[in-house]
Number of protein chains: 2
Amino acid sequence: MHDYAQCHTHDNHKQCITLVPIFNHLENEQMNEVMTTARSSSYKRGEMIYKAGEQSDSLYIVSKGKIKIYRLSESGKEQLVRILNPGDFTGELALFNEGVHESYAEAIIDTQVCMIRRSDLQEFLLKYPSISLKILSEFSSRLEQSEKQTTRFATEKVETRIALFLAECLERDSTELTLPMSKKDLASYLGTTPETISRKLGDLEVAGYIKQKGQRNIEIMDLDGLLLL
Amino acid sequence: MHDYAQCHTHDNHKQCITLVPIFNHLENEQMNEVMTTARSSSYKRGEMIYKAGEQSDSLYIVSKGKIKIYRLSESGKEQLVRILNPGDFTGELALFNEGVHESYAEAIIDTQVCMIRRSDLQEFLLKYPSISLKILSEFSSRLEQSEKQTTRFATEKVETRIALFLAECLERDSTELTLPMSKKDLASYLGTTPETISRKLGDLEVAGYIKQKGQRNIEIMDLDGLLLL
DNA sequence: CGCTGTCTTGAAGCGTTTCAACACAAGTGG
DNA sequence: CCACTTGTGTTGAAACGCTTCAAGACAGCG
């Protein structure tokens with residue numbers, strides 16, 4: 001493994017951009033072209049990358065660290081939308097839209113991102129149409145995912161939403177998982193409260209579907225049963 | 001206004017494709033190229049255009065009629081996702097993705113669509129990259145919209161979701177609106193039951209925020225009050 | 001006109017939130 | 001390194017919001 005912090009800026013960008021599904025099909029030369037336009041930037045735990053209402057001017061690719069994306073509803077309540085790990089990107093929505101962010105991006109640990117300016121990106125898209133197809137594919141998945149999530153909120157009760165979430169965290173053929181976020185954040189993500197998360201996980205454990213191991217690890221005892229809730 | 005049904009197929013396609021934001025910036029010649037690859041198809045009230053699980057092979061553009069898009073949740077409950085009117089399109093998600101539909105599309109009145117095959121579309125996208133940018137922009141808006149909707153479900157109570165929906169139906173500087181769907185469908189769209197819709201609208205009327213006029217018309221008496229719920 | 005599906009209203013029941021109090025873990029500074 | 005502070009996680013009891021079921025009114029379509 002590499003320690004990014006010790007890399008040259010150029011190596012850092014390369015390291016980071018090759019991680020991204022959108023770009024990783026490019027020829028080496030095109031890749032270099034993209035890289036030279038990128039800048040990098042660091043954020044300390046708790047710092048904001050962008051806020052709702054701000055003008056958007058870049059695509060942000062996480063090269064190191066963790067970022068949480070959240071929204072405020074009309075009545076001021078916060079909902080966690082997504083957690084970004086190295087290789088994930090954000091800021092894309094505002095780029096093709098009105099240009100104003102509607103969500104908040106905050107570093108949850110010390111984080112390094114690499115940024116591609118809007119104008120540079122647009123240029124690449126017209127020059128290498130295959131990038132567009134990649135982004136279209138990425139957007140499609142995200143839209144499916146988001147609509148699926150909406151439908152779950154609209155039709156499933158909390159216990160089911162938790163069960164489905166656990167099932168999605170579980171790697172194929174594995175029986176144990178590590179929660180990707182705190183239970184407080186999980187509550188925000190699933191549209192409920194930390195108290196309810198705590199109680200429902202307790203219920204699932206009593207019913208024999210899962211076994212909680214410490215704060216963040218869960219062993220799935222009966223996946224099929226879990227999905228029948 | 002035109003009566004599409006009486007048009008020649010070719011005129012019909014043109015009529016229909018020029019309606020679509022994705023294509024309406026094209027030169028006449030390019031437009032013709034797109035049109036010649038399109039086919040049209042008709043559906044009677046209640047007929048399915050596609051179902052979840054089916055292989056996807058086309059983009060569908062509504063030229064006449066109304067289509068409802070809905071999903072089934074894991075536990076089998078139905079949620080209405082969107083209603084398509086002439087000029088709207090669907091089927092796009094599966095085109096860039098796995099190729100399998102995850103939602104259902106049903107004609108709610110007699111409907112005519114024009115279809116562009118997947119392979120033809122991909123060809124156009126690589127040939128005319130500006131179409132991709134248009135679609136990216138459309139997808140961005142949809143994603144914003146969908147994430148906003150998710151956040152509402154996650155954080156707002158039913159009454160607020162209804163109020164926000166009414167506000168969005170209201171045309172600028174207007175004071176009266178016509179619901180775009182039945183209250184039963186509205187309930188499905190907003191993730192609640194027809195009974196609750198009925199009761200909450202009653203409450204809003206008693207509180208003086210709105211006035212119900214017949215089954216589908218509503219006069220907004222106090223928009224600001226409504227949005228402060 | 002009659003049938004079918006949508007809409008309304010009431011009463012009972014359920015699921016989830018809220019508030020408060022306490023246990024526990026993690027990050028901070030002497 | 002420990003003690004301190006701060007934030008996260010748990011548990012109970014009460015309150016709330018919404019759904020469910022049932023029954024009747026109404027509208028739309030053949």
Side-chain angles (χ1 to χ4, degrees), chain A residues 44-47 66 68 73 75-80 83 106-110 152-163 178-207 210-218 229, chain B residues 44-46 66 68 73 75-80 106-110 152-163 178-207 210-218 229:
Chain A
K44 288 226 174 306
R45 167 191 168 75
E47 275 190 286
K66 239 180 215 280
K68 75 168 174 183
S73 70
S75 60
K77 277 173 220 146
E78 185 178 317
Q79 195 222 355
L80 198 154
I83 300 238
E106 178 187 336
I108 49 183
I109 54 177
D110 291 3
R152 283 187 189 170
F153 280 119
T155 61
E156 311 286 16
K157 55 187 184 187
V158 174
E159 195 169 49
T160 310
R161 302 207 296 268
I162 295 176
T178 301
L179 292 176
M181 59 185 107
S182 69
K183 289 182 183 164
K184 178 178 173 283
D185 282 347
L186 183 57
S188 165
Y189 181 74
L190 293 179
T192 181
T193 60
E195 293 93 327
T196 299
I197 294 278
S198 192
R199 279 189 256 268
K200 294 298 180 187
L201 285 178
D203 292 351
L204 292 176
E205 182 155 23
V206 169
I210 66 171
K211 199 170 267 177
Q212 304 190 60
K213 310 197 156 179
Q215 295 272 21
R216 289 225 181 174
N217 287 27
I218 293 178
L229 288 181
Chain B
K44 287 226 175 307
R45 165 191 170 75
K66 239 180 216 280
K68 74 169 172 182
S73 70
S75 61
K77 279 175 219 145
E78 184 177 318
Q79 194 222 356
L80 198 155
E106 178 187 339
I108 48 182
I109 55 179
D110 290 2
R152 282 186 189 170
F153 279 118
T155 61
E156 311 284 17
K157 53 187 186 188
V158 174
E159 193 169 49
T160 309
R161 302 207 295 268
I162 296 176
T178 301
L179 292 177
M181 57 186 108
S182 70
K183 288 182 185 166
K184 176 176 174 285
D185 283 345
L186 183 56
S188 166
Y189 181 73
L190 294 179
T192 183
T193 59
E195 294 92 326
T196 299
I197 294 278
S198 192
R199 279 188 254 269
K200 294 299 180 186
L201 285 178
D203 293 350
L204 291 177
E205 182 156 23
V206 169
I210 66 172
K211 200 170 265 176
Q212 301 190 62
K213 309 197 157 180
Q215 296 271 22
R216 289 224 182 176
N217 287 29
I218 293 178
L229 288 179

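Every chain is numbered from 1, with letters handed out A, B, ... down the list of sequences.
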Quick test: give all pairs of protein nitrogen or oxygen and nucleotides 1-3 of chain C nitrogen or oxygen below 3.5 Å, distance rounded to 0.1 Å.
none

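Protein atom CD1 of Ile108(A) is 15 Å distant from nucleotide atom P of dA26(C), rounded to whole Å. Distance Asp203(A) CG to dC14(C) C1': 14 Å, rounded to the nearest Å. Across the protein-nucleic acid pair, Lys183(A) atom NZ and dA25(C) atom C1' stand 12 Å apart, rounded to whole Å. For Glu156(A) and dT16(C), the CD to P distance is 11 Å, given to the nearest whole Å. Atom NZ of Lys44(A) and atom P of dT28(C) are 11 Å apart (whole Å). Across the protein-nucleic acid pair, Gln215(A) atom CD and dA23(C) atom P stand 15 Å apart, rounded to whole Å. The CG-P distance, from Leu201(B) to dC7(C), rounds to 11 Å in whole Å. We find that CD of Gln212(A) is positioned 15 Å from P of dC24(C), with the value rounded to whole Å.
Taking a heavy-atom distance under 4.0 Å as the criterion, the stretch of DNA chain D touched by chain B extends 5' to 3' from dC18(D) to dA27(D).
Going from atom CZ of Arg199(B) over to atom CD of Glu159(B) covers 13.0 Å, rounded to the nearest 0.5 Å. Residue Ile108(A) holds its CD1 atom at 8.0 Å from CG of Leu80(A), rounded to the nearest 0.5 Å. Interatomic distance, Arg152(B) CZ to Lys157(B) NZ, rounded to the nearest 0.5 Å: 15.5 Å. Rounding to the nearest 0.5 Å places NZ of Lys200(B) at 13.0 Å from CD of Glu195(B).
Put simply, the side chain of Leu190(B) does not reach to within 4.5 Å of the side chain of Val158(B), judged on heavy atoms. When side chains are defined from C-beta on, Leu229(B) counts as touching Leu204(B), because their heavy atoms get closer than 4.5 Å.
The side chain of Arg199(B) lies closest to dG10(C), out of dG10(C), dC7(C), dC19(C).
Closest-nucleotide positions on DNA chain D for Lys77(B) and Arg45(B) were compared, and the one nearer the 5' end corresponds to Lys77(B). Mapping Ile197(A) and Arg161(B) onto DNA chain D via the closest heavy atom, the residue that lands nearer the 5' end is Ile197(A).
Distances shorter than 4.0 Å separate some side-chain N or O of Lys200(A) from OP1 or OP2 on dT16(C). Taking side-chain N and O atoms only, Thr196(A) has a distance below 4.0 Å to OP1 or OP2 of dT17(C).
When heavy atoms are screened at a 4.0 angstrom cut-off, Gly214(A) is found touching no nucleic acid atom at all. At the heavy-atom level, Gly46(A) lies nowhere under 4.0 Å from the strands shown. Residue Glu195(A) is in base contact, counting any heavy-atom pair closer than 4.0 Å across all strands shown. Among the protein residues, Ser182(B) comes within range of the sugar-phosphate backbone only, with heavy atoms under 4.0 Å from sugar or phosphate atoms but none that close to a base.
Test Ser75(B), Ser188(B), Ser73(B) against Thr155(A) for side-chain hydrogen bond (donor to acceptor under 3.5 Å, both in side chains) and you get one pass: Ser73(B).
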**OP:** For Ile218(A) and Leu201(A), run side-chain contact (heavy atoms from CB on, under 4.5 Å): C-alpha distance rounded to whole Å, both residues' side-chain angles, the deciding distance at 0.1 Å, then the answer.
**Re:** CA-CA 10 Å; Ile218(A) 293 178; Leu201(A) 285 178; 4.3 Å; yes
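Of all the heavy atoms in Phe153(A) and Phe153(B), the pair that sits closest is CB-CB, 3.5 Å. For Lys66(B) against Pro180(B), the heavy-atom pair with the smallest separation is NZ-O, 3.9 Å.
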